[in-house]
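Notes follow once the structure below has been shown.
Values below: all heavy atoms of this structure, side chains included; hydrogens, waters and symmetry mates excluded.
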Amino acid sequence: MNVLKRTPIYAILYGFDYDDLPVVGTFYEFFRRFWPAVDKNLKPMKQPKRKSKPKKAKKGEKAPTATPGRVNRLVTWMMRHANKKTALPTDPLFDFFQSQILAVLANLG
């Protein structure tokens, strides 16, 4: 609730007057509808460790690439997955932002 009082943009986005804020549970319920993810932490607990340090270049020379073929692998992966759309927990929030804020502002010029 302290964040809502310090940052009035949240109350405005939720559609409430800054002076007349409802109880905190209302905001949690409202936000839960925009973030339907089951897991709170979407990032895996353990991060992969770096395999080894890249080799340093000699004076006046360009350093060798640490990951040869990275661009090729990225392009290959993108070509396979470009048309596949996966649903993300943020999709409802972005849809709301686009339809209720950006579209209105675009219509106003």
Could you measure the distance from the [atom1] atom of [X] to the [atom2] atom of [Y]? Nearest 0.5 Å is fine.
| X | Y | atom1 | atom2 | value |
| --- | --- | --- | --- | --- |
| D95 | Q100 | CG | CD | 10.5 Å |
| H81 | K84 | NE2 | NZ | 4.5 Å |
| M78 | N83 | CE | CG | 10.0 Å |

Take atom CZ of R80 as the centre, draw a 6.0 Å sphere, and report whether it contains more than 12 heavy atoms from other residues, nucleotides or ligands.
yes
Apply the side chain to side chain contact (heavy atoms under 4.5 Å, CB included) test between V104 and each candidate in I101, L102, L108; give the one that qualifies.
L108
